[in-house]
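Following: one structure in structure tokens, then a few remarks.
We count residues from 1, following the sequence as given.
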Amino acid sequence: MSDRPLAAGLRAWLRPPRAHGEVIEDRTVSFLELFYDLVFVVLIARIAHTLAGDVSWAGVRDFVLVFMLIWVAWANGSTYHELHGGEDGRSRSYIFAQMSLLVPLSVFAGHATTDTGDGRGFAVVYALLLVLIGWQWFDVRRQDTPEMRSLSTNYVLGVAAVAAVMAVSALVDSNGTRLILWLVALVAGLAVALVQGPRFGDAVRVTESMAERFGLFIIIVLGEVVVGVADGLGEAGSGARTFATALVALGIGFGLWWNYFDFVGRRVPRPETGPRSIWLYGHLPLAMSIAATGAGMVSLIEHAADGRAPANTAWLIAGGAAAAAASLAAVTATMAGHPGRRLVPYTLLGAGVVSLALAALRPAPWILAAGINLALLAVWVEAFIRHARRGLPIAET
């Protein structure tokens, strides 16, 4: 008799994952999820540091490819826990197992595209991570209804195919061929959910907790702007113009935070499949662009005393800000209609155009940063005035 409560407790502690459709409406982001996201801070910091040391078109290309692979892994792990996880032993074990693979993945990530050994190591660990994630989704399949089971099966097969491509890439000797295989894996990884068609909308609903989780990832990449400014100051040394440029450049991160969390943060998109897909996938270029902008801060501050910003640095900073503004415009457009934010997608696009113009002009570093700041500020000010005229606060509490 005494063993029965213990057996029941173990069954509850190791309970199977929630099936598709079993949404917890009032769920909040857990400490475990925050711990999981912390590992991605290390991954993103590694590849951002590499880009900061190689501000070139090739460096940007390699950064984009590896960042997108990392984001796909994060989105799969985070979405799984949102839809099927819980505060139980099975969910914790899955997350800690993923983290155990993410740590060695971070070791290889920095030079995965240029060093053969690191590239092979990255491919092997990434493939193992996908195998684990695929098993988690297969575990869900066993709990699903017959209607949802085919969706889970197709998703598992898609993840397995991506893992196979990554594993094959570890066997090739050419870095160029390996990158092509990674690109194929990336496209497949991004498409594996979208090809499900209308069933994707039935299986994935953006909840407030999911919106909060995606917002927390944006905070992670905004941290790279702060790190980039700090590293730039460390490399450039003291000087009034250097410090002034650093402070103005830091304002770009502040402006992106201000616009994202006042117009998007903690808000869910419209329930239709189109807006939901744009919301989900729009966060990828948004996060990537912010991280790239942060990586460019080092070079910008190092050249604070120059009469014109270096061409590659100007395009990385301003181009990153423009891409972030355009992505944020797309994500903002998925929200339910709101008179106070009616023009925000358009003013964000305008801010992106201004940023690109500044990149082409290549003014002094502090002027470049100040111009981007003003463009982002104008977006918020227009919305603030529109809210104020209607007697509405711009920041909802």
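- Partner of Q136 under the side-chain hydrogen bond (donor to acceptor under 3.5 Å, both in side chains) criterion, out of H84, R90, Q98: Q98 alone.
- For the residue pair R141 / T153, a side-chain donor-acceptor distance below 3.5 Å is found, with atom types taken as modelled.
- Note on ring orientation: taking the six-membered ring where Trp is involved, the planes of Y126 and F122 are parallel (angle under 30°, cut-offs 30° and 60°).
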Practice prompt. Applying salt bridge (charged side-chain N to carboxylate O under 4.0 Å, His left out), run through R267 and E208 and close with a yes or a no.
Written response: CA-CA 7 Å; R267 295 180 177 88; E208 291 184 3; over 6 Å; no

Item to complete: Just do the ring pair (Phe, Tyr, Trp, His ring centres under 6.0 Å) check on W71 and F67 with the steps written out, would you?
Response: CA-CA 6 Å; W71 187 90; F67 186 99; 8.4 Å; no

Item to complete: Could you give me the CA-CA distance, side-chain angles and deciding distance for T334 and R276, then say whether side-chain contact (heavy atoms from CB on, under 4.5 Å) is met?
Response: CA-CA 7 Å; T334 67; R276 179 170 42 227; over 6 Å; no

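- I252 contributes atom CD1, which lies 8.0 Å from atom OG of S355 (distance to the nearest 0.5 angstrom).
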Item to complete: Take F254 and W257, measure what ring pair (Phe, Tyr, Trp, His ring centres under 6.0 Å) needs, and give me the verdict at the end.
Response: CA-CA 5 Å; F254 296 161; W257 179 95; 8.8 Å; no

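- Ring-plane geometry between F217 and W74 is classed as tilted, the angle between the planes lying from 30 to 60 degrees on a 0 to 90 degree scale.
- The CG atom of L256 sits 10.5 Å away from the OG atom of S327 when rounded to the nearest 0.5 Å.
- A salt bridge is defined here as a Lys NZ or Arg NE, NH1 or NH2 lying under 4.0 Å from an Asp or Glu carboxylate O, and D262 with R341 fails to meet this definition.
- Residue-environment remark: CH2 (W258) stays at or below the threshold of 12 foreign heavy atoms within 6.0 Å.
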Item to complete: Output, in order, the C-alpha distance, side-chain angles, deciding distance and verdict of salt bridge (charged side-chain N to carboxylate O under 4.0 Å, His left out) for D173 and R120.
Response: CA-CA 9 Å; D173 295 324; R120 286 175 169 166; 2.4 Å; yes

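- Here T332 contributes atom OG1 and Y260 contributes atom OH; the two are 9.0 Å apart, rounded to the nearest 0.5 Å.
- E33 and S78 are not linked by any side-chain donor-acceptor pair at a separation below 3.5 angstrom, with hydrogens and angles left out of the test.
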Discussion item. Does R46 form a side-chain contact (heavy atoms from CB on, under 4.5 Å) with F108? I'd like the steps, not just the answer.
Written reply: CA-CA 9 Å; R46 295 275 294 182; F108 301 120; over 6 Å; no

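- In the model, Y155 has a side-chain atom that pairs as donor or acceptor with a side-chain atom of N76 under 3.5 Å.
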Worksheet entry | Candidate pair H338 and H387, rule ring pair (Phe, Tyr, Trp, His ring centres under 6.0 Å), full reasoning | CA-CA 10 Å; H338 189 292; H387 278 73; 5.1 Å; yes

